[in-house]
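The basis for the numbers below is simple: all heavy atoms, side chains too, and nothing from hydrogens, waters or symmetry mates. Protein chains get the first letters and strands the later ones, always in sequence-line order, with residue 1 at the start of each.
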Amino acid sequence: MSNKPEAIERPVNFIRNIINDDLAKNKYQSVRTRFPPEPNGYLHIGHAKSICLNFGLAEDYQGECNLRFDDTNPAKEDMEYVESIKRDVQWLGFKWAGDIKYSSNYFEKFYQYAVELINKGLAYVCFLNAEETREYRGSLKEPGKNSPYRDTSPEENLALFEKMRAGGFKEGECVLRAKIDMASSFMCMRDPTLYRVRFETHHQTGDKWCIYPMYDFAHCISDGIEGVTHSLCTLEFQDNRRIYDWLLDHLDDFSRPDRPFQYEFSRLNLEYTVMSKRMLHQLVNDKLVDGWDDPRMPTISGMRRRGYTPASLRDFAERIGISKVDSMTEMGILEAAIRDDLNVVAPRTMAVMDPIKLVVENYPEGEVESIQAPVHPQNEAMGKREIFFGRELYIDRADFEPEAPNRKFMRLAIDKEVRLRNAYIIKAERYETDADGNITTVYCSYDPDTRGKNPADGRKVKGVIHFVEATKALPAEFRVYDRLFTVPNPAKETDFEAVLNPGSLITKNGFVEPGMADAPVEQAYQCEREGYFCRDNKITDRLVFNRTVALRDTWSQNK
RNA sequence: AGGGAUAUGGCCAAGUGGUAAGGCAUCUGGUUUUGAUCCAGUGUACCGCAGGUUCGAAUCCUGCUAUCCCUGCCA
């Protein structure tokens with residue numbers, strides 16, 4: 001049999017079916033994909049879907065995936081973005097084939113291919129201005145008109161195109177166009193622009209060029225040059241596939257059965273956030289968020305800062321699959337993916353975010369004892385951590401009510417017993433309030449014979465609350481995040497900023513276990529009963545923890 | 001007489017003529033020093049609608065409807 005690559009076990013999708021078919025028919029001997037971002041913004045979770053698709057396919061079929069910057073529009077692009085994109089792809093755990101590619105690497109070749117089209121009478125320099133071009137293009141229902149420059153001879157076009165390259169024309173004065181069909185029902189086939197004049201410094205090529213190729217021209221040829229087999233993009237490029245095919249089929253180097261072919265899948269839409277670069281730019285520029293890596297942003301760097309892991313993002317991509325259906329994905333799928341990852345890998349810790357004092361009155365004054373608590377109750381191999389217990393503790397305000405509101409209340413109340421996690425069973429006796437009636441201190445007694453075991457008399461204590469010993473506790477800031485928008489599809493609003501969630505960030509000041517003093521940046525922890533948190537990767541001179549996601553809560557909704 | 005796509009349970013998504021996978025969510029039990037995890041169970045899916053072909057259709061044919069995309073010298 002053949003030793004051609006076969007896909008490893010993964011959920012199937014229509015693209016895999018196409019690849020399997022292509023391989024079976026010997027159309028290609030191996031698979032090469034590419035991830036082609038334009039460096040004009042930060043990558044977001046939608047890009048992560050595409051990255052996982054392209055790099056994942058390459059991994060599974062033992063092929064390769066190129067990282068190629070689609071840098072054909074210097075006016076909008078910047079090195080800051082290329083750096084962030086490289087960082088994000090690497091962080092996700094993918095390796096690109098060989099060196100990083102840039103469309104701008106091929107500018108000279110593009111020029112030669114344009115010359116080939118001119119020589120074949122398939123491209124011409126057009127002096128219609130932008131407005132005239134639009135008028136000549138016709139409309140969705142009406143065919144366009146041919147440009148008066150359409151029948152210029154190849155020789156003359158060649159000279160004109162050379163002059164364009166040499167800087168002999170002003171911006172907007174002329175463009176190079178493909179000669180296709182002004183009556184095509186595909187608007188992109190009505191003599192599309194191939195090159196425009198732009199006196200702009202390019203982040204890769206400097207001032208070497210003053211003409212820049214358009215996406216439709218550059219993309220398919222780049223794929224061809226790189227030997228890409230399956231060129232995957234999103235649905236809005238479906239019409240563009242016609243020009244993709246036309247160009248490759250009219251260029252001698254690429255008009256072969258094993259040339260690249262484009263396939264489109266649907267982009268990711270996530271509820272309660274936005275994915276468009278325009279809107280993301282706007283949020284950053286209008287300072288509605290704290291930069292591209294604000295933990296509320298759907299950017300990869302934002303999610304990283306929030307505490308999402310590469311594994312969880314890859315798992316998420318796998319869970320949502322690939323199809324051509326316009327869809328809106330619920331946040332729940334993302335949250336399930338990160339919880340499933342963190343639940344097994346995150347060390348447990350206790351943190352009190354809205355502290356009130358708890359005084360254990362029958363505990364000796366001035367004494368503090370050390371307790372070895374499991375780092376992960378389901379995984380002994382993760383070892384133990386040292387926590388402390390003493391006469392004065394902090395517990396969360398939400399864990400005490402003077403009077404239990406109902407029979408199902410599992411927290412602390414006067415005359416009620418509760419387990420302090422990893423420590424003793426206590427019973428609340430009385431409490432104090434401040435002038436405003438806010439509870440400040442709860443007084444309790446503890447049962448000394450319940451550390452690490454249940455009471456000898458067999459009484460059942462259901463409730464468990466967390467705590468931190470007051471003299472050893474470290475002050476810390478907790479940033480509790482919620483969805484950025486209040487509506488599932490903010491992009492549909494006339495003013496999406498009007499629908500921002502004012503409660504998307506709530507800052508709390510509380511305490512953590514002393515062992516958290518040197519928590520590494522981005523390290524995930526489960527603050528038991530509170531959720532998953534990680535140390536902020538930007539503010540490191542004090543303890544700041546970002547809430548990645550809360551624990552699943554089947555309680556609060558039906559109480 | 002524009003064209004290109006898509007329609008499978010609340011949300012994703014398999015399925016490619018043989019009688020509807022899976023995940024998320026939901027709900028119900030059980031375990032539990034996290035109201036978490038874990039375990040077990042939980043859905044009448046008119047497969048967009050209407051016809052047709054067939055012994056048999058989500059899958060093939062016809063017609064219709066809804067939604068998305070396309071008139072940048074953006075990608």
Side-chain angles (χ1 to χ4, degrees), chain A residues 11-14 17 36-38 40 70 72-73 75-76 126 128-130 133-135 137-144 171-177 183-190 192-198 212 214-216 218-219 233-242 264 266 268 271 277 318-337 339-340 343-344 348 350 373-374 376-378 408-411 418-425 450-454 461-466 526-531 550-556 559:
Chain A
V12 296
N13 59 50
F14 77 97
N17 291 340
E38 184 190 14
N40 67 346
D70 211 341
T72 57
N73 187 358
K76 291 189 174 177
C126 180
L128 255 23
N129 65 32
T133 304
R134 198 179 322 121
E135 281 162 11
R137 188 159 29 233
S139 72
L140 294 178
K141 304 207 172 170
E142 316 251 310
E171 285 190 15
E173 191 175 355
C174 61
V175 294
L176 182 74
R177 291 228 259 168
S184 174
S185 53
F186 296 98
M187 297 303 286
C188 66
M189 294 295 268
R190 320 248 261 223
T193 300
L194 266 22
Y195 267 95
R196 75 283 216 187
V197 178
R198 280 296 106 94
Y212 291 95
M214 300 289 288
Y215 164 85
D216 281 320
H219 202 93
C233 61
T234 42
L235 254 28
E236 66 270 28
F237 291 99
Q238 287 178 128
D239 286 358
N240 301 250
R241 186 172 71 242
R242 275 70 190 186
E264 311 87 12
S266 45
L268 172 68
E271 284 188 342
K277 273 188 189 171
E318 201 155 291
R319 292 184 190 207
I320 58 175
I322 296 292
S323 75
K324 303 182 70 150
V325 185
D326 251 305
S327 57
M328 179 66 77
T329 297
E330 290 178 344
M331 274 289 184
I333 299 183
L334 217 209
E335 294 178 348
R339 285 194 189 108
D340 282 0
N343 178 46
V344 341
R348 308 287 121 126
M350 292 193 285
H376 189 129
Q378 276 85 43
K408 288 184 147 186
F409 187 71
M410 290 169 67
R411 304 175 185 188
V418 97
R419 158 79 63 184
L420 287 181
R421 169 127 257 237
N422 296 123
Y424 301 91
I425 288 173
T450 53
R451 176 172 153 179
K453 57 183 176 186
N454 286 321
V461 175
K462 271 286 263 183
V464 180
I465 65 171
H466 57 96
Q526 186 198 95
C527 294
E528 289 184 301
R529 302 209 313 131
E530 292 285 0
L551 258 26
R552 187 160 165 270
D553 183 3
T554 50
W555 167 245
S556 64
K559 73 175 167 185

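- Across all strands, Asn40(A) comes closer than 4.0 Å to no nucleic acid atom at all (heavy-atom distances).
- Using a 4.0 Å heavy-atom criterion, one finds that Asn13(A) contacts the sugar-phosphate atoms exclusively.
- Listed nucleotides U34(B), C74(B), C24(B) differ in distance to Asn73(A); the shortest reach to its side chain belongs to C74(B).
- Between the base of G3(B) and the side chain of Asp239(A) there is a donor-acceptor pair shorter than 3.5 Å.
- Rounded to a whole angstrom, the distance from the C1' atom of A21(B) to that of A13(B) is 10 Å.
- Looking at Arg529(A), its side chain has no donor and acceptor atom pair within 3.5 Å of the base of U34(B).
- Remark: Asp239(A) CG to Glu264(A) CD distance equals 9.0 Å, nearest 0.5 Å.
- Contacts of Gly332(A) with the nucleic acid, taken as non-hydrogen atoms under 4.0 Å apart, involve only primed sugar atoms and P, OP1 or OP2.
- Using C1' as the reference atom, U16(B) and C61(B) are 16 Å apart when rounded to the nearest Å.
- The pairing partner recorded for U16(B) is none, the criterion being a Watson-Crick or G-U wobble arrangement whose two distances lie under 3.5 angstrom.
- Note on Ala337(A): nothing from the nucleic acid sits closer than 4.0 angstrom, heavy atoms only.
- Here Arg177(A) lies out of heavy-atom contact (under 4.0 Å) with every strand.
- Nucleotide G43(B) is shown with an anti base, its glycosidic torsion being more than 90° from 0.
- If you check C12(B), G3(B), G15(B) against the side chain of Val12(A), the one that comes closest is G15(B).
- One N or O donor and one acceptor, one from the side chain of Glu330(A) and one from the base of G10(B), sit under 3.5 Å apart.
- Contacts of Ala336(A) with the nucleic acid, taken as non-hydrogen atoms under 4.0 Å apart, involve only primed sugar atoms and P, OP1 or OP2.
- A donor and an acceptor atom never sit less than 3.5 Å apart when one is taken from the side chain of Arg242(A) and the other from the base of G4(B).
- Each of A36(B), G2(B), C74(B) was ranked by its minimum atom distance to the side chain of Lys141(A); first place goes to G2(B).
- In terms of polar N and O atoms assigned as donor or acceptor, the side chain of Asn454(A) never comes within less than 3.5 Å of the base of U33(B) in a complementary pairing.
- Under the Watson-Crick and G-U wobble criteria, each requiring two contacts below 3.5 Å, nucleotide A45(B) is left unpaired.
- Across the interface with RNA chain B, nearest-nucleotide mapping of Met328(A) and Cys527(A) shows Met328(A) to be the residue nearer the 5′ end.
- Backbone-only contact: Arg552(A) has heavy atoms under 4.0 Å from sugar-phosphate atoms and none from a base.
- If you check C60(B) for Watson-Crick or wobble pairing at under 3.5 angstrom, you find it paired to G52(B).
- Closest to the side chain of Arg198(A), from the set G4(B), C74(B), U34(B), is C74(B).
- Within the nucleic acid shown, Leu128(A) comes within 4.0 Å of at least one base atom, counting heavy atoms only.
- Put simply, the side chain of Gln526(A) and the base of U34(B) share a donor and an acceptor less than 3.5 Å apart.
- If you measure from atom CD1 of Ile333(A) to atom C1' of C11(B), you get 6 Å, rounded to the nearest angstrom.
- Counting any heavy atom pair closer than 4.0 Å across all strands shown, Pro143(A) reaches no nucleic acid atom.
- Within 4.0 Å (heavy atoms only), Glu38(A) reaches sugar-phosphate atoms of the nucleic acid but no base atom.
- The side chain of Arg196(A) approaches C74(B) more closely than any other nucleotide in the set G15(B), C24(B), C74(B).
- Contact annotation for Tyr212(A): no contact, since no heavy-atom pair falls under 4.0 Å across all strands.
- Checking A5(B) for Watson-Crick or G-U wobble geometry (two distances, each under 3.5 Å) identifies U67(B) as its partner.
- For Ser139(A), the listed nucleotide lying nearest its side chain is U71(B); candidates were A36(B), U71(B), C24(B).
- Within the shown strands, nothing qualifies as a pairing partner of U26(B) under the Watson-Crick or G-U definition with both distances less than 3.5 Å.
- Within the 4.0 angstrom heavy-atom criterion, base atoms lie near Lys453(A).
- Nucleic acid contact for Asn422(A): base, since at least one base atom lies under 4.0 Å from a heavy atom of the residue.
- Residue-level contact check: Ile320(A) touches the backbone only, with heavy atoms under 4.0 Å from sugar-phosphate atoms and none from bases.
- Between U59(B) and U54(B), the two C1' atoms lie 13 Å apart (nearest whole Å).
- The side chain of Val325(A) lies closest to U6(B), out of A36(B), U6(B), C11(B).
- Stacking of the aromatic ring of Tyr215(A) onto the base of A75(B) is not found under the criterion of centres within 5.5 Å and planes under 30°.
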